[in-house]
Amino acid sequence: MMPRPLTTVCVTVLLSLSIGGLALAQAGKRHEQAVQQKPFGTRDGRPVNLYTLTNANGVEVDAMSYGGIILSVRVPDRKGQFADIVLGHENLDGYIPNPPYIGAVVGRYANRIANGTFILDGKTYTLPKNDGPNTLHGGVDKTFNKVVWDGEPLKGKAGVTFTYLSKDGDDGWPGNLKVRVTYTLTNDNELVIDYEATTDKATPINLSQHSYFNLAGEGTSDILNHELMLNADRFTPVDKNLIPTGELRPVKGTPLDFTKSTRVGARIDDPYDQMVLAHGYDHNWVINRKGGGLTLAARMYEPTSGRVLEVSTTQPGVQFYTGNFLDGTVTGKQGHVYKRRYGFCLETQHFPDSPNHPDFPTTILKPGETFHQKTVFKFSTQ
Ligand code: GLA
């Protein structure tokens, strides 16, 4: 397959029909809502494309068909100064390999499966282990973060749809699973992520997005001065292998209580058992929700820039991870060294290890059903 030619879909032209979205974004003025596609290298013999989504405010998101990875998110601070607020690399090679899953879509099962095994319809399935005794983020081979997806720019929107067929037996998972992930950038500065999937055999599924944010600008500092609100009265405590014990524990009185906006670093090194086990925050919170609709899960604020990230989702849980395993071995954009806690993830998801916890909301997708989840990252300032 040949790489596609450069494609631009212009939707709203606010300044001039003759000026491209990218040039306008850099000028920091008024912009057109657009998606641009360009060749970005090859992987496994297949072309990889980069898509730049631009909205009317000059906000830009770069995403590529390798791993569905979001490479950059450029948003203004309270003075209108743009910065890139996600960790990442400038080119495809930087992501090969990508041990921290920077920016990627994770699946077939985001987060952990205990002992790399589960039983479905009486049959035991065995998955490759890549996290001590566990399977993390789907396995080792054809996991969604490191395969080449098909990309298709959206017509009439600043968006792109990535599709991928995960074959029956890949990494031990049952069923041919057709997956679609769509990123849409709205003129309200929202990055909307729609997940869809169908299967021909019953299978567990859990999809998430593994972007590491730093609202002060990527690579500038750790994220301990950010202030977080989580709309969650409970979390799923973990054992020493970071597998949920099955308990839904109230956050009240623990360092995991973010029901009121609190500095991320205020309690991160408290001697509370859960903080010690996870070396910081790396837990699944149970989102307070009425019904299955889009619900606010999290609000993160960075006081020096004034940038705010709000995360809404249809999913039942959110993994708040403070980059505890970043250790300075990854060098990202502009030579920035990503040290411990230089980024945070808010991974909307089903609860970890759900296939082994019949009491958790089900993650089993059956033939004839369609899996749908939506997550919205909304960027603003305060
Ligand atoms: C998830 C996990 C973390 C870590 C990262 C990847 O957020 O919960 O423990 O494995 O992925 O480094």
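Whatever order the structure lists them in is the order used to number ligands and atoms, beginning at 1.
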Quiz prompt | Sub-4.0 Å heavy-atom environment of ligand 1, residues by chain | solution = Pro100, Tyr101, Asn111, Arg112, Leu136, His137, His210, Tyr212, Asp282, Gln319, Tyr321, Phe325, Glu347
Exercise. Please indicate whether Arg249 has more than 12 foreign heavy atoms, meaning atoms of other residues, nucleotides or ligands, lying under 6.0 Å from its CZ.
Key: yes
Quiz item: Take atom NZ in Lys333; do more than 12 heavy atoms of anything else shown fall under 6.0 Å from it?
Solution: yes
Self-check item: Partner residues of Thr161 under the side-chain hydrogen bond (donor to acceptor under 3.5 Å, both in side chains) criterion, sequence neighbours left out
Solution: Thr182
Practice problem: With sequence neighbours excluded, give me every salt bridge (charged side-chain N to carboxylate O under 4.0 Å, His left out) pair touching residues 166-193. | Solution: Asp168-Lys201, Arg180-Glu196
Quiz item: With Phe144, which residues qualify under ring-ring contact (aromatic ring centres under 6.0 Å, His included), at least two apart?
Solution: Trp149, Tyr164
Exercise. If the plane angle is over 60° it's perpendicular, under 30° parallel, otherwise tilted; pick one for Trp285 and Tyr281.
Key: tilted
